[in-house]
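Counting convention: from 1, in listed order, for ligands and their atoms alike.
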Amino acid sequence: MSYTEEIYERVVAQNPGEPEFHQAVKEVLDSLKLVIDANEEKYREASLLERLVEPERVISFKVPWVDDSGKIQVNKGYRVQFNSAIGPYKGGLRFHPSVNQGILKFLGFEQIFKNSLTGLPIGGGKGGSNFDPKGKSDREVMAFCQSFMTELSKYIGADQDVPAGDIGVGGREIGYLYGQYKRMRGLYEGVLTGKGLTWGGSLVRTQATGYGLVYILDAMLKEHDLELAGKTVLVSGSGNVAIYATEKAQQLGAKVVAMSDSNGYVYDPEGIKLDLVKEIKEVRRGRIKEYADMVPGAVYTEGKGIWNIKCDIALPCATQNELNLDDAKILKANGCFAVAEGANMPSTREATDFFLEEGILFLPGKASNAGGVGTSALEMCQNSMRLSWTFEEVDEKLQRMMNDIYIKISDAAKRYGVEGNYVTGANIAGFEKVANAMLAQGTAL
Ligand code: NDP
Ligand code: 2IT
């Protein structure tokens with residue numbers, strides 16, 4: 001059995017009940033087979049893969065808080081500190097009822113390679129809670145965040161571990177979390193990213209994941225003598241990533257015709273009116289269904305099915321495994337020629353393999369959504385320097401970063417003889433830097 005297969009079996013045996021973690025590890029190990037086979041002795045002798053797939057630390061804690069009726073509620077809280085070979089742990093916090101240890105391990109594992117691809121000194125981590133912010137009052141969200149941070153504050157710090165947002169965690173939550181960190185630790189430091197602009201946040205961080213996704217998509221299309229202008233695009237989700245991916249795609253002349261949330265999707269053949277989506281989602285915290293009530297000609301459909309709409313380009317920006325093999329086949333049959341992942345692991349393994357086999361241009365999330373965490377690292381940098389860059393400065397750095405990532409993953413794929421396979425390219429390019437750092441630091445991690 002090859003070293004990578006051996007490690008995969010070990011991960012499945014030692015991490016029962018964590019299917020998303022197994023899925024993420026399998027994809028990376030399958031890609032790394034080429035590199036590992038070429039350097040098997042070196043990596044086996046160092047037990048490098050055994051070390052890579054084991055988180056340095058998983059912190060699990062209780063989050064008690066009082067709801068508006070005076071009842072005490074209890075949620076689970078976690079922080080997975082996966083790998084600190086190239087920098088302090090860095091990665092978002094997810095608040096969603098589906099959150100469990102396995103999902104956070106998958107996200108933390110992906111984050112190692114993504115953060116490496118940004119070219120900035122950040123290690124991999126992820127955290128969160130099964131708390132559901134939907135339908136909660138601001139006071140309830142604050143009570144939850146304060147309790148969550150009271151415990152988490154013992155384990156994080158500007159040079160140690162720097163959380164940020166993810167599903168269910170945006171500007172409001174980061175504010176409550178930051179206030180409580182300061183109260184617990186007495187430190188005004190860059191311990192969280194995605195902060196408000198008047199208290200240490202960076203311009204462009206709100207837009208960064210979505211903008212970055214479209215910047216790298218644009219770089220890939222140009223390389224293939226294609227362009228975004230005039231193309232019909234589907235964007236799943238209607239949260240932070242989806243909204244700013246739509247904004248940048250529209251700025252570059254594409255027509256986004258559909259967006260979704262966990263209840264259903266809206267199709268607007270005239271092109272999505274993003275100001276309205278922002279009003280519904282960012283201001284009122286409403287449902288995407290309301291869009292169709294307000295826009296004549298727009299149609300709302302309950303349930304999954306956004307991928308059945310005819311398009312040139314698909315941008316899955318909601319959640320893991322939201323696009324399966326059947327969806328991939330329909331996309332292809334309808335003429336879709338490019339897919340770029342805004343979410344983390346939104347395509348199932350079968351869908352990903354189908355895209356690659358069918359020659360559909362495919363950018364994996366760990367490369368294409370790296371602009372968010374990359375801009376978080378720029379926020380950390382500004383916090384350390386105690387200054388703020390302009391929008392244009394940060395946006396230019398983000399564009400350069402996404403172009404560089406495209407070149408890195410494309411070159412790595414070429415080096416290993418799988419030109420155009422950006423999944424393999426991203427996994428290899430992300431891995432090489434982390435592996436070298438781990439080897440250089442001996443048996444410490
Ligand atoms: P938000 O909470 O802002 O938005 C999430 C969107 O996805 C909402 O429209 C939500 O619908 C939908 N969604 C969430 N869970 C599900 C589900 N189980 N089934 C169907 N739809 C779902 O999160 P973000 O936009 O920040 O995150 C979206 C994705 O992007 C995630 O995979 C995240 O890990 C990834 N990502 C985020 C980054 C960031 O900077 N924010 C950076 C890199 C990746 P509803 O409102 O109905 O729940
Ligand atoms: O998945 C991700 O990269 C994020 N949610 C952003 C993490 C960050 O630290 O900005």
Check your understanding: For Lys273, does the NZ atom have more than 12 heavy-atom neighbours from other residues, nucleotides or ligands under 6.0 Å away?
Key -> yes

Review point. In the protein, which heavy atom is nearest to atom 2 (C) of ligand 2, and how far is it?
Key: Lys114 NZ, 3.2 Å

Review point. Which is it for Thr375 and ligand 2 at heavy atoms under 4.0 Å: side chain, backbone, both or neither?
Key: neither

Check your understanding: Heavy atoms only: which of Val169, Leu107, Asp166, Asp261 is nearest to atom 33 (C) of ligand 1?
Key -> Asp166

Review point. Who gets closest to atom 27 (O) of ligand 1 by heavy atom: Thr193, Val235, Ile167, Val277?
Key: Ile167

Exercise for review: Quick one: look up the protein heavy atom nearest atom 6 (C) of ligand 2 and list residue, atom name and how far away it is.
Suggested key: Arg205 NH2, 3.6 Å

Exercise for review: Report the part of Arg94 (side chain from C-beta onward, or backbone N, CA, C, O) that has a heavy atom under 4.0 Å from ligand 2; answer both or neither where that applies.
Suggested key: neither

Check your understanding: Is there a donor-acceptor contact under 3.5 Å from the side chain of Asn308 to the main chain of Ile330?
Key -> no

Check your understanding: Which of these, Ala208, Gly239, Gly170, has its nearest heavy atom closest to atom 8 (C) of ligand 1?
Key -> Gly239

**Study point:** Met345 touching ligand 1 at heavy-atom level, < 4.0 angstrom
**Key:** no

Check your understanding: side-chain contact (heavy atoms from CB on, under 4.5 Å) with Ser376: which of Thr193, Leu192, Thr209?
Key -> Thr193

Study note, to complete from the structure: Ranked by distance from atom 9 (O) of ligand 2, the top protein heavy atom is Lys90 NZ, 2.6 Å

Review point. Is the closest heavy-atom distance from Ser98 to ligand 1 below 4.0 Å?
Key: no

Review point. Passes side-chain hydrogen bond (donor to acceptor under 3.5 Å, both in side chains), Tyr155 versus Arg57? Steps please.
Key: CA-CA 10 Å; Tyr155 310 102; Arg57 202 169 295 101; over 6 Å; no

Exercise for review: Identify, for atom 48 (O) of ligand 1, the protein heavy atom at the shortest distance, and state residue, atom and that distance.
Suggested key: Lys134 NZ, 2.9 Å

Study note, to complete from the structure: Closest to atom 24 (P) of ligand 1 among protein heavy atoms sits Val241 CG2, 3.9 Å

Practice item. Could you tell me which atoms of ligand 2, counted from 1 in the order shown, lie closer than 4.0 angstrom to a heavy atom of Lys126? Key: 1 (O), 2 (C), 4 (C), 5 (N)

Practice item. Kindly give the heavy-atom pair with the smallest separation between Val233 and Ala254, and that separation in Å. Key: CG2-CB, 3.8 Å

Check your understanding: Does some non-hydrogen atom of Arg287 fall short of 4.0 Å from ligand 1?
Key -> yes

Practice item. Output the list of atoms in ligand 2 that are nearer than 4.0 Å to some heavy atom of Gly91, sorted by atom number. Key: 7 (C), 9 (O)

Review point. Quick one: do Arg400 and Glu396 make a salt bridge, cutoff under 4.0 Å?
Key: yes

Practice item. Provide the number and element of each atom of ligand 1 under 4.0 Å from a heavy atom of Arg94. Key: 31 (C), 32 (O), 33 (C), 34 (O)

Check your understanding: Between Arg349 and Asp30, does at least one N-O distance fall below 4.0 Å, as a salt bridge requires?
Key -> yes

Review point. Between Phe362 and Tyr422, does a ring pair (Phe, Tyr, Trp, His ring centres under 6.0 Å) hold up when you go through it step by step?
Key: CA-CA 7 Å; Phe362 179 77; Tyr422 304 119; 9.0 Å; no

Review point. Is the backbone N or O of Gly365 less than 3.5 Å from a side-chain atom of Glu341, with the two atoms forming a donor-acceptor pair by type?
Key: yes

Study note, to complete from the structure: The closest protein heavy-atom partner of atom 17 (C) of ligand 1 is Thr319 CG2, 3.4 Å

Study note, to complete from the structure: The atoms of ligand 2 lying under 4.0 Å from a heavy atom of Ala164, numbered in the order shown, are 8 (C), 9 (O), 10 (O)

Check your understanding: Got a sec: does the NZ of Lys76 have more than 12 other heavy atoms crowding it under 6.0 Å?
Key -> no

Study note, to complete from the structure: Closest to atom 7 (C) of ligand 2 among protein heavy atoms sits Gly92 N, 3.5 Å

Check your understanding: For ligand 2, which part of Gln111 has a heavy atom less than 4.0 Å away: the side chain, the backbone, both, or neither?
Key -> side chain

Review point. Applying a strict 4.0 Å limit to heavy atoms, is His96 in contact with ligand 1?
Key: yes

Exercise for review: Report, in ascending order of atom number, the atoms of ligand 1 lying under 4.0 Å from any heavy atom of Gly237.
Suggested key: 9 (O)

Review point. Does a donor on one side chain sit under 3.5 Å from an acceptor on the other, for Tyr300 and Glu290?
Key: no

Check your understanding: What do you reckon, does Gly168 put a non-hydrogen atom under 4.0 Å from ligand 1?
Key -> yes

Check your understanding: Numbering the atoms of ligand 2 from 1, which are under 4.0 Å from a heavy atom of Gly165?
Key -> 4 (C), 5 (N), 6 (C)

Review point. Which is it for Phe131 and Phe148 under the ring pair (Phe, Tyr, Trp, His ring centres under 6.0 Å) test, yes or no, and what are the steps along the way?
Key: CA-CA 10 Å; Phe131 173 75; Phe148 184 88; 9.2 Å; no

Point to revise | Nearest-option assignment for atom 32 (O) of ligand 1, heavy atoms, candidates Ile103, Ile288, Asn344 | key: Asn344

Revision key, fill the gap. Among non-hydrogen protein atoms, atom 11 (O) of ligand 1 lies closest to Ser262 N, 3.3 Å

Review point. Does Val162, backbone or side chain, put an N or O under 3.5 Å from an N or O of ligand 2?
Key: no

Check your understanding: What protein heavy atom is closest to atom 41 (N) of ligand 1, reported as residue, atom name and distance in Å?
Key -> Asn240 OD1, 3.6 Å

**Study point:** Short side-chain donor-acceptor distance under 3.5 Å, Tyr181 and Glu189
**Key:** yes

Point to revise | Subset of ligand 1 atoms that lie under 4.0 Å from at least one heavy atom of Cys317 | key: 28 (C), 29 (C)

Point to revise | Sub-4.0 Å heavy-atom contact, Arg205 with ligand 1 | key: yes

Review point. Does Lys281 come within less than 4.0 Å of Asp261, counting only side-chain N to carboxylate O?
Key: yes

Practice item. For atom 31 (C) of ligand 1, grab the closest protein heavy atom and report residue, atom and distance to one decimal in Å. Key: Ala318 O, 3.3 Å

Check your understanding: Got the closest protein heavy atom to atom 40 (O) of ligand 1, with its distance?
Key -> Thr209 OG1, 2.7 Å

Check your understanding: At what distance is the nearest protein heavy atom to atom 9 (O) of ligand 1, and which residue and atom is it?
Key -> Ser238 N, 2.9 Å

**Study point:** Charged tip of Lys222 within 45° of Tyr406 ring normal and under 6.0 Å
**Key:** no

**Study point:** Between Glu322 and Thr319: side-chain donor-acceptor atoms closer than 3.5 Å
**Key:** no

Revision key, fill the gap. Atom 10 (O) of ligand 2: closest protein heavy atom, distance to 0.1 Å, is Ser376 OG, 2.5 Å

Check your understanding: Does the separation of the ring centres of Tyr188 and Tyr178 fall below 6.0 angstrom?
Key -> yes

Review point. Between Glu358 and Lys332, is the closest basic N to carboxylate O distance under 4.0 Å?
Key: yes

Exercise for review: Would you check if there is a donor-acceptor pair between the side chains of Asp68 and Ser137 at a distance under 3.5 Å?
Suggested key: yes

